[in-house]
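For reference, the structure is listed below as structure tokens.
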Amino acid sequence: MSTTRSRRLAPAYIAAATGLALALSACGGTTNTSSTAGAGAASSSAAADPNAPIKEGLKVAFLPKQLNNSYFTVTDRGGKAAVEEYKGIFSEVGPSEASASSQVSYINTLTQQGSNVIATSANDPKAICSALDEARSAGAKVVTFDSDTDPSCRDIYINQATAEGIASTQIKLISDAIGPDGGDIAILSATANATNQNAWIELMKKELQKPEYAKLKLVATAYGDDNAQKSQQEVQALLQAHPTLKGIISPTTVGIAAAAQYLSGSEYKGKVQLTGLGFPSQLKEFLKNGTMKSFALWDVEKLGYLAAYAGAALASGQITGAEGQTFKAGTLGEFKVGPNSTVLLGEPTVFTAENVDQYNF
Amino acid sequence: MLVDTAPPAAETRRTPRFGFLRSWDTAIILALVASIIVASMTVSGFATSRNVGFLLIDVIPVLLLALPMTLIIVTGEIDLSVASIAGFVSCVFGALWNSGMPMETIIPLCIVLGAVSGALNGFLVSVVGLPSLAVTIGTLALYRGLAFVVLGDQAVTSFPRAITTGLQAKIGSTGIPVWILPVILLVIIFGVALHFTGFGRSLFAIGYSVDAARFSGIGVARTKFWLFVISGTVAALVGVWWTLRYGSARGDNATGLELSVIAAVLLGGVSIFGGKGTLPGVIAGVGLLAILRNALQLASVPEDTLSMLTGGLLILAVVAPNAITWIRSLSRKASTT
């Protein structure tokens, strides 16, 4: 490095800074109100041939919200099984952190590697859109599962279950567990502003209006913030505050596991019923020791399996993503593309002491 | 006035022929060139215009933040709050956009907000006299918290597609993103300021010895204050860029980015203890980390291996220059006896 040079460069970078300021202001002239609608799905122009065979050697990549997350480990296992069935090349890539834009560089890499199918669960509905646009313009088909992107950025979304199905299943399970006499029930949710949780809770309230549930009364909703310790404290508080409580619904995997743990070690075991959404592997022992009778979740492994087949159907030209088209998803049978290029996996699976051993997630 | 790089003792020593090889930043620049050559030859899909576009556009936030970070670390301080300021600004951007304010009003407001956020850091460090490590660990959490206060876990995504895709515009068919040009301009401005002005020399002087700097008439507190203001301002630019580039304003934007920035700066040969470093070295550090990451991803190296590799490289970057100085001092001792 030289040690001394001219000190008379000041005017140069004042000029440079002015240039930068001009460049930065160049994107003006816009407000929220003037925003235009999205470009819309571009790919539905090509004709679909439902009888086209699945191409061999398709490069199928699964890009979860984050790696080493037990939920996505299972979806991706399902995806891998499907890809192996149709003799494709499976890969799983993803960020170690589930932040909004962390998936972008992985999508770019997959684009560059010439992936035929990208199956992803988006951390943010919008942040990966332009990367997906570029992937699609390079020929990749994009399937989303679990968490959708903006519909204009993907070819198909695999919906694990409808919110209505989730809500009605849980109300039915708690009603069956408590019995015909009914009683007070409470909900243990995740965070107070979790969008999906709140949607389910609203639908559950609606479901409770039905005459068959007249004897069930929702007395409280608690928030465990998806933290095991806080969830247990909330369960404890619910039981203290409502001595007549007969049942708890926890539509979150962390909450239900924590509640089961607490109930099984307390005097309330078997007296206060528990149901909700949880992993069979985590709740198996509580079904068997009588803490709970049943709970539900969509079949996580099948979700990945279906996503992989949907991707293959797109990449092989069997479907384009338009409503009404059908494709065959291996052992799961035939599926139909619904409105908004969405495919529904089905109703949630109900797990009981009898069937829980069949599930490996 | 003090010299702008290594300690005077090393500088005044006669360094014949291969002397330049001894400086870490030269080594990093060479490593950058070598990695480009190796990756182009061995990794398929690396040396294409599309990949160059991906690389350059992804490097913009780190590159921008590395500029003020270099200046701050040269003075012996650190700013860990930059990514949180960017996230905070991103949320405010989203909230204001939702309220219907035009973008040409929001952007200057956001930049002022970043400057004010940086000024709080600067005030606590230079006026109150707290260590910047402690202050910015605090504001790292504070600004990230404020980001979630502003938007909660919601995202604002209603930005016009014309702008979000416009930010990714390329220069013709070269794959080079248009927006790298103003960034390069900023790099030049920071480079000139650090290496060719009295201001830049005063930063090295502060980092080398605060007392000496004070005695030679440098306003240490004032200088540090303004460095943090500049850092906050650049962080705000990154927040705006991030929001529009990804079309999504949310609280977790740019999470953890400060670590990538500091890693690149240290890898580029800036001493964490202050007083030493060059901007070309930092640019090479940013480039080297980005290229390694990109090339290894393309070569399907798993994520865990990747972060272990970059972590190892970082330790090497901190250890190696010190080891070199140590070996040098040993050999000097041997030659004088």
Check your understanding: Under the 3.5 angstrom rule, does the side chain of E303(B) hit a backbone N or O of V93(A) as a donor-acceptor pair?
Key -> no

Which heavy atom in [X] sits nearest to a heavy atom in [Y], and how many Å separate them?
| X | Y | result |
| --- | --- | --- |
| K126(A) | T157(B) | NZ-O, 2.9 Å |
| A155(B) | D124(A) | CB-OD2, 3.8 Å |
| K170(B) | E134(A) | NZ-OE2, 3.9 Å |
| N253(B) | A100(A) | OD1-CB, 3.6 Å |
| N123(A) | R250(B) | O-NH1, 3.3 Å |

Check your understanding: With a 4.5 Å limit on heavy-atom distance, are the side chains of N68(A) and D304(B) in contact?
Key ->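 Counting from C-beta outward, N68(A) and D304(B) do come under 4.5 Å.
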
Check your understanding: In this structure, which one of T109(A), L110(A), N108(A) forms a side chain to side chain contact (heavy atoms under 4.5 Å, CB included) with L298(B)?
Key -> T109(A)

Practice item. Determine whether more than 12 heavy atoms belonging to other residues, nucleotides or ligands lie under 6.0 Å from atom NZ of K65(A). Key: yes

Point to revise | Options C129(A), P95(A), S102(A), S99(A), ranked by heavy-atom pairs under 4.5 Å with chain B, top entry | key: S99(A)

Exercise for review: For chain B, find which of T111(A), T191(A), I128(A) contributes the most heavy-atom pairs closer than 4.5 angstrom.
Suggested key: T111(A)

Name the region of [X], side chain, backbone, both or neither, that has any atom closer than 4.5 Å to a heavy atom of chain A.
| X | answer |
| --- | --- |
| Q168(B) | side chain |
| S300(B) | both |
| T164(B) | neither |
| N294(B) | neither |
| N51(B) | both |

Review point. Would you say the side-chain atoms of S101(A) and R245(B) include a donor-acceptor pair closer than 3.5 Å?
Key: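 Side chains of S101(A) and R245(B): no pair found under 3.5 Å.
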
**Study point:** Pair S105(A), D58(B): side-chain N/O donor-acceptor within cut-off below 3.5 Å
**Key:** no

Check your understanding: Which answer fits A98(A), side chain, backbone, both or neither, if we ask what part of it has an atom under 4.5 Å from a heavy atom of chain B?
Key ->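 A98(A) touches chain B through backbone heavy atoms alone.
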
Exercise for review: Select one option (side chain, backbone, both, neither) describing which atoms of S91(A) are under 4.5 Å from chain B's heavy atoms.
Suggested key: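 Looking at S91(A), nothing touches chain B.
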
Check your understanding: Which value, rounded to the nearest 0.5 Å, describes the distance between S44(B) atom OG and Q112(A) atom CD?
Key ->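 One finds 8.5 Å between OG of S44(B) and CD of Q112(A).
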
